[in-house]
Every structure is written in structure tokens, then in C-alpha cells.
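When a residue number appears, it is its place in the shown sequence, counting from 1.
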Amino acid sequence: MMQTRDPKRKIFLIATEESGDRLGSALMKVLRQRLGDGVQFEGVGGRTMAREGLETLFPIEELSIVGFAAVVQQLPKILRLIRETSDAVIEAMPDALVIIDSPDFTHRVARRVRAKNPAIPVVDYVSPSVWAWRPGRARAMLGYVDHVLGLLPFEPEEYRKLKGPPCSYVGHPLIEQLPSLRPNLDEQKRRDSEPPVLLVLPGSRRSEIRHHLGLFGAALGRLQAEGRAFELMLPTMPHLEATVRRGIATWSVKPQIVVGETERRAAFRIARAALAKSGTVTLELALSGIPMVTAYRVGAMEAFILRRAIQVSSVILANLVIGKDVIPEFLQEDCTPEKLAAALSEVLTETPMRKQQVEAFAQLDTIMSTGNKLPSVLAADIVLATMRKGRRS
């Protein structure tokens with residue numbers, strides 16, 4: 001008896017971190033609006049993708065591994081999950097596979113899928129940092145990625161230069177969230193009043209918090225001892241609160257800890273300046289109009305590898321998007337309480353450094369514009385176009 005093909009379009013999505021889970025959820029929502037009951041989702045995701053109807057193959061917490069040593073210890077489990085996920089894609093025979101960020105995991109799955117079934121189109125949502133290190137990855141991706149959805153406006157040109165797969169700028173999810181990042185009139189008054197609110201952002205992973213909290217506490221203690229007045233706020237998430245509270249126990253200056261995304265954004269809207277671990281948060285702060293000092297410390301092995309791999313003048317995402325190194329960054333041995341305190345003193349007052357940052361941040365709306373379409377809508381358009389081209393008869 002001849003089998004009839006399920007008329008539903010099947011999309012397999014893989015997101016293994018919370019940020020990817022949010023992107024996947026927004027994409028699923030638009031795809032469902034476009035296809036209605038004619039779409040079926042399978043794959044790997046977190047809580048927000050589950051709310052859109054995804055039943056995950058495994059909890060994404062199983063892959064929350066940071067640090068070279070931890071990865072080595074967990075390697076057998078990681079390899080097993082890669083095999084199981086790629087086998088699930090092959091068995092599902094989707095109209096498209098959408099891999100979302102986490103390239104160390106998702107790209108390995110995509111390569112296995114392409115080797116076993118080249119007919120399944122692959123869309124990569126969130127480019128790996130080919131412009132920062134290991135640029136050869138872009139050309140290698142031609143073998144297993146049909147289209148890259150870039151979050152940063154300079155990425156399509158980088159892929160052209162590096163001879164990688166087609167890349168389209170769809171916009172960063174932060175540009176959908178600007179109202180929650182920017183102050184109203186009352187919040188602006190607090191931002192401008194004394195003592196200034198200073199945010200401290202040590203990272204979103206426990207290992208990052210461990211690397212930065214002692215250093216940040218020493219810098220802030222030094223700043224206070226020099227007579228600088230400020231109100232300190234430390235935003236964190238519920239699952240990290242206990243780690244943070246233990247880490248600040250010895251600080252001479254005690255921050256107000258705010259927990260959860262809503263309270264975090266409220267703190268951003270009244271802050272005058274920030275001390276932050278480098279990463280996506282620098283772009284979030286820049287879009288909020290908050291001048292900052294950035295720092296980053298990793299273990300000795302990771303530092304050794306990164307020094308030889310990084311090919312950009314700055315590791316600060318906001319600097320790369322602006323195209324100019326306006327935000328000071330203190331990395332590894334350069335990352336000392338003395339240097340951080342001196343730089344923080346400058347961004348808390350009306351200095352040339354602060355003014356340069358504020359003026360540069362004002363250009364971001366134009367630099368990151370996607371016209372009148374939301375990033376999730378642009379991403380869905382490309383997934384649908386890629387899916388149609390690759391649809392099986």
C-alpha cells in the first residue's frame with residue numbers, strides 16, 4: 001500500500017541555551033501564524049519553546065557546561081546527545097532543520113544530518129563568531145548550512161568576504177525590546193539624580209560569576225574608599241541568586257540584588273553607568289544608553305587558546321556593532337581593581353570617555369535598523385523560503 005505524506009510542514013528546531021530558546025519561541029510563534037495548523041514542530045528547546053508546543057528530546061540543562069575542563073569531563077554525554085539528536089532529525093525527515101546558536105553542539109548535529117540526508121535544508125539562526133576567531137568555519141559551513149540568519153548588521157558582509165553560505169541580517173532580538181530598556185520621564189530623572197545608580201553585571205553563568213565577583217567587589221570597594229558616591233544594584237536571575245549572595249558576602253560595599261528579568265530591566269532604566277562582564281549584555285547596555293566599563297577573566301587554559309585565536313581589535317560586542325572601540329575593556333591580567341575603579345570613576349561623571357560612549361550609543365538605532373519588520377518575522381520569512389525550495393515531493 002502506498003504511503004501518503006503528512007500534509008503538515010514539519011520543522012525541526014534545536015536550541016540548547018536560554019537565549020536560543022527565546023529566539024526559537026519567537027520564530028515558532030510567527031511560523032504558526034503563517035502556517036496555522038499546517039505546521040508541526042519537533043526538536044530540542046527550553047521552557048519558552050515548550051509553551052509554543054515543542055516537546056524537547058532532552059532538557060537543555062543537560063548541556064549547560066562551561067569551561068574546557070568541564071567539557072572534557074562531559075564529552076561522552078555530549079557526543080551521545082549529538083548522535084541521538086541527529087538520528088532524531090533523520091527519522092523525522094523535516095522540511096527544514098533550524099539550528100539556533102550553540103555551534104559546538106548544533107553544527108555537529110547539522111553536519112551529521114547533511115551527510116546522511118542532504119535533502120534536508122539547514123538554516124543557522126545566530127552566526128558563530130567567524131568574524132572574531134576561526135574564520136575558516138564560514139567556508140566550512142557551505143557544506144552543511146543553506147542560509148545563516150545574522151543578528152548583527154556587519155555579518156552578511158563578513159560571510160561574503162569569507163566565502164561562506166548566504167547570510168541575511170534579520171536583526172537582534174534586543175531591538176524588539178527597546179521600550180523595556182529605555183527610561184520614561186520619571187526614570188530619566190532618577191538616572192540623572194544623585195547618587196548615581198551603578199549596575200554590576202558579573203555574568204549569567206556560575207563560572208563567570210566566580211571569576212568576576214571577587215574582582216568586581218574589590219574595584220567597587222576601592223571606588224567607594226576614594227569618596228565616590230553611588231547606589232549599587234546587581235541584577236541576577238533566580239537560579240543564580242544563591243551563588244551571587246555567597247559571592248558578595250565579603251564585599252565592603254553591599255549591592256541591592258534584584259532578581260528576575262522584569263526587575264533587571266527596571267534597574268537598567270534608572271542606571272547611570274555599569275561595570276559588566278563582556279558579552280551580549282554590552283549591547284543591551286548600549287541600547288539602554290548606559291556608559292560602561294567591561295571586564296573578562298577566564299581560566300588559564302581558555303585564556304591561552306583565546307589569545308591565539310581572536311582576530312578582532314575588541315571582544316566587546318557593542319564596540320564591534322558601532323565599528324569603533326568606545327567602551328574600555330580590561331581582560332585577564334589587565335583586569336585589576338585599580339584599573340576598573342579608575343575607569344568607573346570616569347563613566348560615572350561627565351568626562352570625554354562618558355560623552356564619547358553616549359554619542360556612539362545614539363547611533364545604534366540606525367545601525368541596527370531592520371526597517372519596519374521584527375527580527376522574528378524576517379527570520380520566519382527566510383525559513384519558509386528555504387523550506388519551500390527544499391520541500392520533498
Side-chain angles (χ1 to χ4, degrees), residues 11-17 19-20 22-24 26-28 30-31 94-111 113-114 118 120-176 279-280 283 309-323 364-390:
I11 302 172
F12 202 106
L13 305 102
I14 306 171
T16 68
E17 293 191 24
S19 56
R22 289 192 294 271
L23 284 175
L27 176 61
M28 289 168 70
V30 178
L31 289 168
D95 292 286
L97 167 62
V98 181
I99 56 173
I100 307 174
D101 212 352
S102 308
D104 289 336
F105 184 87
T106 60
H107 284 231
R108 284 174 170 81
V109 172
R111 284 200 295 266
V113 169
R114 182 52 53 94
I120 298 174
V122 178
V123 177
D124 184 9
Y125 196 177
V126 187
S127 167
S129 305
V130 295
W131 31 266
W133 64 297
R134 289 171 56 199
R137 288 178 295 173
R139 187 174 289 194
M141 285 165 63
L142 267 174
Y144 59 92
V145 171
D146 296 287
H147 209 113
V148 179
L149 308 180
L151 270 56
L152 305 171
F154 59 81
E155 288 177 327
E157 179 57 28
E158 290 295 322
Y159 272 86
R160 280 191 288 275
K161 287 195 296 191
L162 295 170
K163 296 181 168 53
C167 175
S168 300
Y169 171 58
V170 298
H172 199 283
L174 283 171
I175 66 177
E176 296 188 43
T280 304
L283 189 56
I310 288 178
Q311 303 192 7
V312 285
S313 63
S314 172
V315 299
I316 306 304
L317 189 55
N319 281 345
L320 294 170
V321 173
I322 292 164
L364 280 170
D365 284 9
T366 301
I367 293 170
M368 298 185 70
S369 171
T370 57
N372 59 358
K373 279 194 172 182
L374 295 175
S376 50
V377 171
L378 289 171
D381 287 344
I382 293 169
V383 171
L384 288 168
T386 307
M387 183 170 68
R388 288 192 193 102
K389 285 189 289 187

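Of all the heavy atoms in Thr370 and Lys373, the pair that sits closest is OG1-O, 2.7 Å. When every heavy atom of Ser127 is checked against every heavy atom of Tyr159, the shortest pair comes out as OG-OH, 2.7 Å. Residues Cys167 and Pro156 come closest through the heavy atom pair O-CB, 3.5 Å. Here the closest heavy-atom approach between residue Gly150 and residue Glu155 is recorded as CA-OE1, 3.1 Å. Between Ala110 and Ile99, the shortest heavy-atom distance links the atoms CB-CD1, 4.0 Å. Contact detail for Ile120 and Pro94: the closest heavy-atom pair is CD1-CD, 3.8 Å.
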Show, in sequence, the C-alpha distance, side-chain angles and deciding distance for Asp124 and His107, and conclude whether the side-chain contact (heavy atoms from CB on, under 4.5 Å) test is met.
CA-CA 9 Å; Asp124 184 9; His107 284 231; 3.0 Å; yes
Apply side-chain contact (heavy atoms from CB on, under 4.5 Å) to the pair Leu97 and Val123, showing each step before the final yes or no.
CA-CA 6 Å; Leu97 167 62; Val123 177; over 6 Å; no
Do Val30 and Ser376 pass the side-chain contact (heavy atoms from CB on, under 4.5 Å) test, and can you show the C-alpha distance, the side-chain angles, and the key distance before you say yes or no?
CA-CA 7 Å; Val30 178; Ser376 50; 3.8 Å; yes
Given the rule in the side-chain contact (heavy atoms from CB on, under 4.5 Å) test, do Asn319 and Val321 qualify, once you have shown the distances and angles that lead to the verdict?
CA-CA 6 Å; Asn319 281 345; Val321 173; over 6 Å; no
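Distance alone, capped at 3.5 Å, places no donor-acceptor pair between the Glu157 side chain and the Phe154 backbone. Under the 3.5 Å distance criterion, the side-chain polar atoms of Arg139 are left unmatched by any main-chain donor or acceptor of Pro165.
Evaluated for a side chain to side chain contact (heavy atoms under 4.5 Å, CB included) with Tyr125, the options Ile382, Val170, Thr106, Asp101 yield exactly one hit, Val170. Shown are Leu149, Ile175, Leu151; of these, the side chain to side chain contact (heavy atoms under 4.5 Å, CB included) with Pro375 is made only by Ile175. Between Met141 and the options Val148, Asp146, Val122, Leu162, a side chain to side chain contact (heavy atoms under 4.5 Å, CB included) holds for only Val148.
Summarising the geometry, atom CG belonging to Leu152 is positioned 10.5 Å from atom CD belonging to Glu158; distances are rounded to the nearest 0.5 Å. With rounding to the nearest 0.5 Å, the separation of CD1 in Ile100 from CD1 in Ile14 is 9.0 Å. How far CD of Glu17 is from CZ of Phe105: 11.5 Å, rounded to the nearest 0.5 Å.
Looking only at side-chain heavy atoms (C-beta outward), Leu23 and Val126 come within less than 4.5 Å of each other. Using a 4.5 Å cut-off on side-chain heavy atoms (C-beta onward), Arg111 and Arg114 make no contact.
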